[in-house]
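Everything on this sheet refers to the single structure shown next.
For ligands, and for the atoms within them, numbers begin at 1 and follow the listed sequence. Hydrogens, waters and symmetry mates are skipped; everything else that's a heavy atom, side chains included, is used. Since we're looking at a predicted model, the values are computed, not measured.
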Amino acid sequence: MTGALSEGIHPAEQSKYHAALFDLDGVIVDTAKYHYLAWKRLATELGFDFSEAQNERLKGVSRTRSLEILLEIGKLNLDEAVRRALAEKKNKWYVEYIQKMDESELLPGARECLVRLREKGVKTALASASKNAPLILRNLNIASLFDAVIDGNKVSKAKPDPEIFILGARELGVSPRDCVVFEDAEAGLQAARTAGMYAVGIGKADVLQSADYVVDGLRNFDVNMLF
Ligand code: G6P
Ligand code: MG
């Protein structure tokens, strides 16, 4: 255990887990900046400002719900067909940005953590709300480090619903109680706990209230602690 880890030892830490499920944005890569650029471009085109602080409300939220929040901020009431076209436009810009991503954008320690877990025989899954997750994994050159990929194309309920993690455990062929989830958002941590999994928060302990344990980044996570 290092000083970077939060205080408090959860009883579950005594046991060893068999699988690790990872959120993507904020855990493995910082795609939030590209989502922000694309949403901001859309807001500008629609004639209103969209700040980085407001963008915090979109983290971990689905594309459709993100657009709803953006339009609330811009005080715009648009019909379904227009909204769908705007979401597609935003995604086209977002994909243009992430097409250019490469391994240098992996967050510190992410690859090493995945490699260490696999060396220990731990099963790994990605569990992200993003429909673009497969493209991002390819560009970061880490697709082969996951036994399963659960993305926005496979789930219908957003975190904090546990659906994405339950599905992840099922695809890995393990019981939820044998899984550890790595998440940077409260909603994701709540989803993990509801799924009956051990929840590691990536970020600040005062913000990530639902985490069983908090570490400031994967670079400071010692895999021997839980696996
Ligand atoms: C992640 C991000 C959200 C994003 C969502 C959907 O949860 O944190 O900001 O809106 O994925 O991403 P997508 O690539 O499908 O638009
Ligand atoms: Mg996240």
Quiz item: How about Tyr34 and Tyr94: are their ring centres within less than 6.0 Å of each other?
Solution: no

Quiz item: At a 4.0 Å threshold, what atoms of ligand 1 neighbour a non-hydrogen atom of Leu58?
Solution: 3 (C), 9 (O)

Quiz item: Should Gly152 be listed as contacting ligand 1, given a heavy-atom distance under 4.0 Å as the test?
Solution: no

Self-check item: Side-chain donor-acceptor pair present, Ser128, Asp151, cut-off under 3.5 Å
Solution: no

Practice problem: Could you tell me which atoms of ligand 1, counted from 1 in the order shown, lie closer than 4.0 angstrom to a heavy atom of Ser66? | Solution: 10 (O)

Quiz item: What protein heavy atom sits nearest atom 16 (O) of ligand 1, and how far away is it?
Solution: Arg63 NE, 2.8 Å

Quiz item: Is there at least one pair of N or O atoms, one from Ser130 and one from ligand 1, spaced under 3.5 Å apart?
Solution: yes

Quiz item: For atom 4 (C) of ligand 1, what is the nearest protein heavy atom, given as residue, atom name and distance?
Solution: Val61 O, 3.2 Å

Self-check item: N-O pairing of Glu171 and Lys123 below 4.0 Å
Solution: no

Quiz prompt | Numbering as shown, the atoms of ligand 1 that approach Asp25 to under 4.0 Å (heavy-atom distance) | solution = 8 (O)

Quiz item: Do any nitrogen or oxygen atoms of Tyr94 come within less than 3.5 Å of a nitrogen or oxygen of ligand 1?
Solution: no

Quiz item: With respect to the Mg ion (ligand 2), what is the nearest N, O or S atom of Asp25?
Solution: O

Practice problem: Name the closest protein heavy atom to atom 8 (O) of ligand 1, giving the residue it belongs to and the distance to 0.1 Å. | Solution: Gly60 N, 2.8 Å

Exercise. Please write down residue, atom name and distance for the protein heavy atom closest to atom 15 (O) of ligand 1.
Key: Lys131 N, 2.7 Å

Quiz item: Taking the inter-plane angle between the rings of Tyr198 and Tyr17 on a 0 to 90° scale, is it parallel (under 30°), tilted (30 to 60°) or perpendicular (over 60°)?
Solution: tilted

Self-check item: Pair His35, Lys59: side-chain N/O donor-acceptor within cut-off below 3.5 Å
Solution: no

Quiz item: Hey, is the Mg ion (ligand 2) within less than 2.8 Å of some N/O/S atom on Asp184?
Solution: yes

Quiz item: Does a side-chain N-to-carboxylate-O contact under 4.0 Å join Glu88 and Arg84?
Solution: no

Quiz item: Is it true that atom CZ of Arg65 has more than 12 heavy atoms of other residues, nucleotides or ligands lying nearer than 6.0 Å?
Solution: yes

Exercise. Using distance alone, decide if ligand 1 has a nitrogen or oxygen within less than 3.5 Å of any nitrogen or oxygen in Ser128.
Key: no

Self-check item: No-hydrogen, no-angle side-chain donor-acceptor test under 3.5 Å, Asn224 and Lys120
Solution: yes

Quiz item: In ligand 1, which numbered atoms sit nearer than 4.0 Å to a non-hydrogen atom of Asn132?
Solution: 13 (P), 14 (O)

Quiz item: Do Asn132 side-chain atoms and Leu135 backbone N/O form a donor-acceptor pair below 3.5 Å?
Solution: no

Self-check item: Which N, O or S atom of Asp23 lies nearest to the Mg ion (ligand 2), by name
Solution: OD2

Quiz item: Is there any N or O on Asn91 that sits under 3.5 Å from an N or O of ligand 1?
Solution: no

Quiz prompt | Within-4.5 Å side-chain heavy-atom neighbours: Leu137 and Leu145 | solution = no

